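Here the structure is a predicted model, which means the values were calculated and not measured. Position 1 is the first residue of the sequence, and the numbers go up from there.
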Amino acid sequence: MSESRDNKIPENLPQVPSDAPALPEGWLEVLSMDMDAQGVARKPDGKVVFIDGALPGEIVSANTHRKKNNWEAATLTEIHRESSQRVTPGCPNFGLHAGACGGCKMQHMHVAAQVAIKQRVLEDNLWHLAKVKPETLLRPIEGPAWGYRFRSRLSVRYVVKKNKVLVGFHERKSRYIADMEVCKILPPHVDAMLMPMRELIGSLDARETCPQIEVACGDQVTALVLRHLEPLSDADKQRLRDFAAQQNIQWWLQPKGPDTVHLMEEGGPQLCYGLPDFGITMPFKPTDFTQVNPHINRVLVTRSLRLLDAQKSERVIDWFCGLGNFTLPIATMAREVLGIEGSETLVKRSHENYAANNATRAESDKLAPTGFVARNLFEMTPAMLIADGNADKWLVDPPREGAFALSKALADIHQIRIGAKQVGVATEEQPDLLPPLPEGQEGWQFPKRIVYVSCNPATLARDAGLLVHQAGYRCVAAGVVNMFPHTAHVESMAVFERAD
């Protein structure tokens, strides 16, 4: 917990009513839950207490382990009134005990209540950070609560003193690896592999220099990326081959940085996932960014494109396009598509994925003409935006940092056009002057609809504030996407339309 906790005290946290019955000394009523899935209570003097393990509506006792002027951090010790939403955790590694896994924070809460909490987090961020209220709340996108994590990074450590190998996630608030034999958020076949992985690593000559195994599951292939800090012996490679045959997996090796990842044995089936609603197959490498939860991703892409409603007469830009997860499905609907991404590697992969998918489609069902461009999207300007040409609609799917530069460039164009901001060379006396728009900008038109997919409600709210209050848009809809059940991670989406 950092000093920034002062900024995370919920603005709408209720005060303890003056006529409320007095609780026994040390008891606290939990009023809400914060973005780190901690219960939030107030002491009789009004001081805020963040309580690990407590749920809204409960009356609890807690052990305070950190005190600041405005807040305290505590851990649940006893429940005097239990929430109706409290459930028995589905994984033995979850809890507040020593050695508990830090991978999930909400297993003690019913999954429907988790989604409701996340919806409230989204609404609160939009309102309190940006004064934006969606005209419509979208139905939450939900899927399997267990066995959903098709992407994971498992830490590995050979403990010399115990002659024991640990494979899994880190303990709560610790750099140590949890001693976990199962993990119920991993796909069942990967969960069943945890103990065999421990035995495998323990058998290697290089067992002390293999710190990580990355898991990437496709629709038919499961890839394991072994990070190894020293060259593997022939005997170790054979042990890996034997394991691959037994577990039906594909080994990739990473001797140094991410760019050194390679297949241990060439050939075999391709790692890929499908988007069946659009007839798209997406090949990927195990270190490429893909969504952790393929069940939710399929629904997310379908809903996003339904909300985008691209027509055969329209040009669409997909910002932060990655491998083309949204771009290629958009190309089944639009007249022309442009995918823009910061990584040259991903742009190259997008080109390949587009070509491979188009080659397998009937002549009457070809994808729309689609281009891909590599650009630093955190340094966008109005001139750069105008140079990309008109687009009827946008899809925006940024990383946690959000799409501030993109949103600000859109806002600056709007402010210049309505005369609210002046152009010129900024000086100390006039720091708010903006560079003039490029020649020919008169023909550039704002996208009439923007679908924004977010993995951070705070940066979504910040960008929504720019779009609504400075760029001439309305927030017509927003809702949550439960991409990561049992965690406090809030994925969401919002739809913006031109106000005029």
Side-chain angles (χ1 to χ4, degrees), residues 1 30 32-41 50-60 62-63 73-79 81-122 140-155 166-174 176-195 215 291-296 455 457 480-491:
M1 187 181 302
V30 183
S32 69
M33 180 173 272
D34 75 351
M35 286 186 63
D36 293 321
Q38 298 179 110
V40 187
F50 297 94
I51 309 169
D52 260 343
L55 296 179
E58 294 185 329
I59 295 177
V60 303
N63 179 38
T75 301
L76 176 72
T77 56
E78 189 175 357
I79 302 173
R81 184 183 73 194
E82 185 174 276
S83 167
S84 61
Q85 299 302 324
R86 182 174 285 276
V87 296
T88 301
C91 179
N93 305 301
F94 176 84
L96 303 176
H97 57 278
C101 175
C104 297
K105 295 183 177 180
M106 300 178 79
Q107 283 194 25
H108 57 312
M109 174 180 262
H110 191 281
V111 69
Q114 295 178 28
V115 174
I117 289 286
K118 293 178 183 185
Q119 182 74 43
R120 177 57 59 86
V121 166
L122 172 64
I141 294 178
E142 302 178 68
W146 303 101
Y148 68 84
R149 195 174 182 103
F150 276 47
R151 298 296 306 265
S152 57
R153 183 170 294 166
L154 304 175
S155 295
L166 300 178
V167 177
F169 300 113
H170 286 90
E171 296 175 359
R172 288 173 60 93
K173 303 177 183 179
S174 169
Y176 295 111
I177 302 172
D179 188 353
M180 48 195 290
E181 298 183 3
V182 296
C183 177
K184 295 306 175 185
I185 63 169
L186 293 175
H189 72 287
V190 179
D191 173 31
M193 229 186 284
L194 286 179
M195 293 305 288
V215 180
Q291 293 289 4
V292 159
N293 189 328
H295 316 289
I296 295 296
C455 57
V480 295
V481 181
N482 199 20
M483 184 74 73
F484 299 83
H486 310 303
T487 77
H489 183 95
V490 181
E491 193 103 1

Note to self: Check this for me: R81, atom CZ, are more than 12 non-hydrogen atoms of other residues, nucleotides or ligands nearer than 6.0 Å?
What the structure shows: yes
Under 3.5 Å, sequence neighbours excluded: what are the donor-acceptor pairs made by side chains of residues 142-151?
{"unit_1": "Y148", "atom_1": "OH", "unit_2": "P485", "atom_2": "O", "d": "2.8"}
{"unit_1": "R149", "atom_1": "NE", "unit_2": "R151", "atom_2": "O", "d": "3.1"}
{"unit_1": "R151", "atom_1": "NH1", "unit_2": "D288", "atom_2": "O", "d": "2.8"}
{"unit_1": "R151", "atom_1": "NH1", "unit_2": "T290", "atom_2": "OG1", "d": "2.7"}
{"unit_1": "R151", "atom_1": "NH2", "unit_2": "P286", "atom_2": "O", "d": "2.3"}
{"unit_1": "R151", "atom_1": "NH2", "unit_2": "D288", "atom_2": "O", "d": "3.3"}

Note to self: Tell me the closest heavy-atom pair linking A178 and G99, and the distance in Å.
What the structure shows: CB-O, 3.8 Å
Check: Going by heavy atoms in the side chains, are V115 and V480 under 4.5 Å from each other?
Finding: yes
Margin query: Which heavy atom of S32 sits nearest to which heavy atom of P56, and what is that distance?
Written below: C-CG, 3.8 Å
Check: Looking at CD1 of I141 and CD1 of I296, how far apart are the two atoms once the value is rounded to the nearest 0.5 Å?
Finding: 7.0 Å
Check: What are the two closest heavy atoms between A41 and I51, and how far apart are they?
Finding: CB-CD1, 4.0 Å
Notebook entry, point to check: Is any side-chain heavy atom of V215 closer than 4.5 Å to a side-chain heavy atom of L186?
Noted result: no
Next item on the list: Salt-bridge test for K118 and E491: reply yes if a basic N is under 4.0 Å from a carboxylate O, no otherwise.
Entry: no
Check: Less than 4.5 Å apart, any side-chain heavy atom of H486 and any of K105?
Finding: no
Next item on the list: Identify whether the distance between the nearest side-chain nitrogen and carboxylate oxygen of R172 and D52 falls below 4.0 Å.
Entry: yes
Check: Using the benzene-type ring in the case of Trp, are the ring centres of Y176 and H170 under 6.0 Å apart?
Finding: no
Next item on the list: Starting at CG of D191, measure out to CE of M180 and round the result to the nearest 0.5 Å.
Entry: 8.0 Å
Check: With a 4.5 Å limit on heavy-atom distance, are the side chains of L194 and E181 in contact?
Finding: no
Notebook entry, point to check: Hey, does K184 have a side-chain heavy atom less than 4.5 Å from the side chain of Q107?
Noted result: no
Notebook entry, point to check: Can you check whether C183 reaches I185 side chain to side chain, under 4.5 Å on heavy atoms?
Noted result: yes
Item checked: Verdict with reasoning, R86 to I79, per side-chain contact (heavy atoms from CB on, under 4.5 Å) -> CA-CA 11 Å; R86 182 174 285 276; I79 302 173; 3.4 Å; yes
Notebook entry, point to check: Shortest non-hydrogen contact from V490 to P457?
Noted result: O-CD, 3.6 Å
Notebook entry, point to check: Do you know which two heavy atoms are closest between F169 and S152, and how far apart they sit?
Noted result: CZ-CB, 4.1 Å
Item checked: Heavy-atom side-chain contact between V40 and V30 under 4.5 Å -> no
Notebook entry, point to check: So how far is it from L166 CG to L154 CG, rounded to the nearest 0.5 Å?
Noted result: 12.0 Å
Check: Which value, rounded to the nearest 0.5 Å, describes the distance between E82 atom CD and H108 atom NE2?
Finding: 10.5 Å
Notebook entry, point to check: Taking C-beta and beyond as the side chain, do N293 and M483 meet within less than 4.5 Å on heavy atoms?
Noted result: yes
Check: Any donor and acceptor pair, going by atom type alone, linking the side chain of N93 with main-chain N or O of C101 inside 3.5 Å?
Finding: no
Item checked: Donor-acceptor under 3.5 Å (Q85 side chain, H110 main chain) -> no
Note to self: Is there a side-chain contact (heavy atoms from CB on, under 4.5 Å) between M33 and Q38? Walk through the geometry before answering.
What the structure shows: CA-CA 5 Å; M33 180 173 272; Q38 298 179 110; 6.0 Å; no
Note to self: For M109, is there any backbone N or O sitting under 3.5 Å from a side-chain donor or acceptor partner on Q114?
What the structure shows: yes
Item checked: Value rounded to 0.5 Å, distance of CG in L76 from CG in L55 -> 8.5 Å
Next item on the list: Could you tell me which non-hydrogen atom of I177 sits nearest to which non-hydrogen atom of S155, and how far apart they are?
Entry: CD1-CB, 3.5 Å
